Amino acid sequence: QVQLVESGGGLAQNGGSLTLSCAASGSISSINGMGWSRQAPGKQREMVATISSGDDVNYIDSVKGRFTISRDIAKNTVYLQMNSLNPEDTGVYYCKMSIRGTWGFVFLDYWGQGTQVTVSS
């Protein structure tokens, strides 16, 4: 069974930094795209950043220049470096990976359990 485990969330001050990580384990043949989404209380979930199999990256406008997504293929891990944090970045962050299992030949999307990020004013 494929699982994604997130870590790195916590409390940061306004202007501070946090780094999130998400590691996949299980019967993995290959991983295609990866990404991070977040959901603030009372708001819809939004995709924050994505990285493709060719290392092309995309960000939502509100985090451009502040967040950096990267990955370590050998470790089946995706990271989100968050700088210049502000209270609007507060929310639960979820990682996503498109994974081909050893049992098949199509990619399926898997999600992490979520990690809380809180930014004080």
Side-chain angles (χ1 to χ4, degrees):
Q1 187 72 27
V2 174
Q3 287 188 315
L4 274 59
V5 179
E6 302 180 30
S7 62
L11 178 65
Q13 295 184 0
N14 191 21
S17 298
L18 287 172
T19 300
L20 307 181
S21 64
C22 174
S25 62
S27 301
I28 299 171
S29 176
S30 60
I31 301 177
N32 196 357
M34 301 180 179
W36 291 90
S37 65
R38 69 185 180 189
Q39 187 167 25
K43 297 183 178 180
Q44 293 181 325
R45 184 185 296 192
E46 60 183 355
M47 186 63 66
V48 175
T50 60
I51 183 168
S52 73
S53 60
D55 289 329
D56 294 324
V57 298
N58 286 284
Y59 302 95
I60 193 171
D61 286 344
S62 62
V63 308
K64 287 182 178 178
R66 301 189 298 117
F67 290 10
T68 302
I69 187 171
S70 62
R71 64 178 183 172
D72 186 332
I73 299 298
K75 296 182 179 180
N76 295 332
T77 301
V78 62
Y79 305 93
L80 186 67
Q81 176 67 50
M82 303 183 293
N83 299 322
S84 301
L85 287 165
N86 60 68
E88 293 184 354
D89 296 317
T90 294
V92 179
Y93 285 69
Y94 301 87
C95 64
K96 184 186 78 173
M97 299 188 192
S98 182
I99 297 174
R100 177 188 291 171
T102 57
W103 64 89
F105 38 81
V106 296
F107 287 93
L108 300 175
D109 290 338
Y110 293 83
W111 295 86
Q113 82 280 6
T115 184
Q116 176 70 44
V117 171
T118 302
V119 184
S120 62
S121 60

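A quick note: this is a predicted structure, and the numbers were derived from the prediction, not measured.
- In this structure the side chain of Leu80 never reaches within 4.5 angstrom of the side chain of Thr68, judged on heavy atoms.
- Put simply, the side chain of Thr77 reaches to within 4.5 Å of the side chain of Tyr79, judged on heavy atoms.
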Which donor-acceptor pairs under 3.5 Å do side chains of residues 24-33 form with protein atoms, sequence neighbours excluded?
residue	atom	partner	partner atom	Å
Asn32	OD1	Ser53	OG	3.1

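- Residue pairs satisfying the salt bridge (charged side-chain N to carboxylate O under 4.0 Å, His left out) criterion with at least one member in residues 82-92, sequence neighbours excluded, are listed as follows: Arg38-Asp89, Arg66-Asp89.
- Qualifying salt bridge (charged side-chain N to carboxylate O under 4.0 Å, His left out) partners for Lys43, counting only residues two or more places apart in sequence or in other chains: none.
- Sequence neighbours left out, not one pair with a member in residues 109-121 passes salt bridge (charged side-chain N to carboxylate O under 4.0 Å, His left out).
- Residues Ser17 and Gln81 have side chains in contact (heavy-atom distance under 4.5 Å, counting atoms from C-beta outward).
- Screening residues 69-82 for salt bridge (charged side-chain N to carboxylate O under 4.0 Å, His left out), with sequence neighbours left out, gives Asp55-Arg71.
- Applying the under-4.5 Å side-chain rule to Ile, Leu, Val, Met, Phe, Trp and Tyr, the cluster around Val92 extends to Met47, Tyr94, Trp111.
- Between the side chains of Ser120 and Gln13, not a single donor N or O lies within less than 3.5 Å of an accepting N or O.
- Rounding to the nearest 0.5 Å gives a distance of 8.0 Å between CE of Met82 and CH2 of Trp36.
- In this model, no donor atom of one side chain and acceptor atom of the other lie less than 3.5 Å apart for Ser37 and Gln39.
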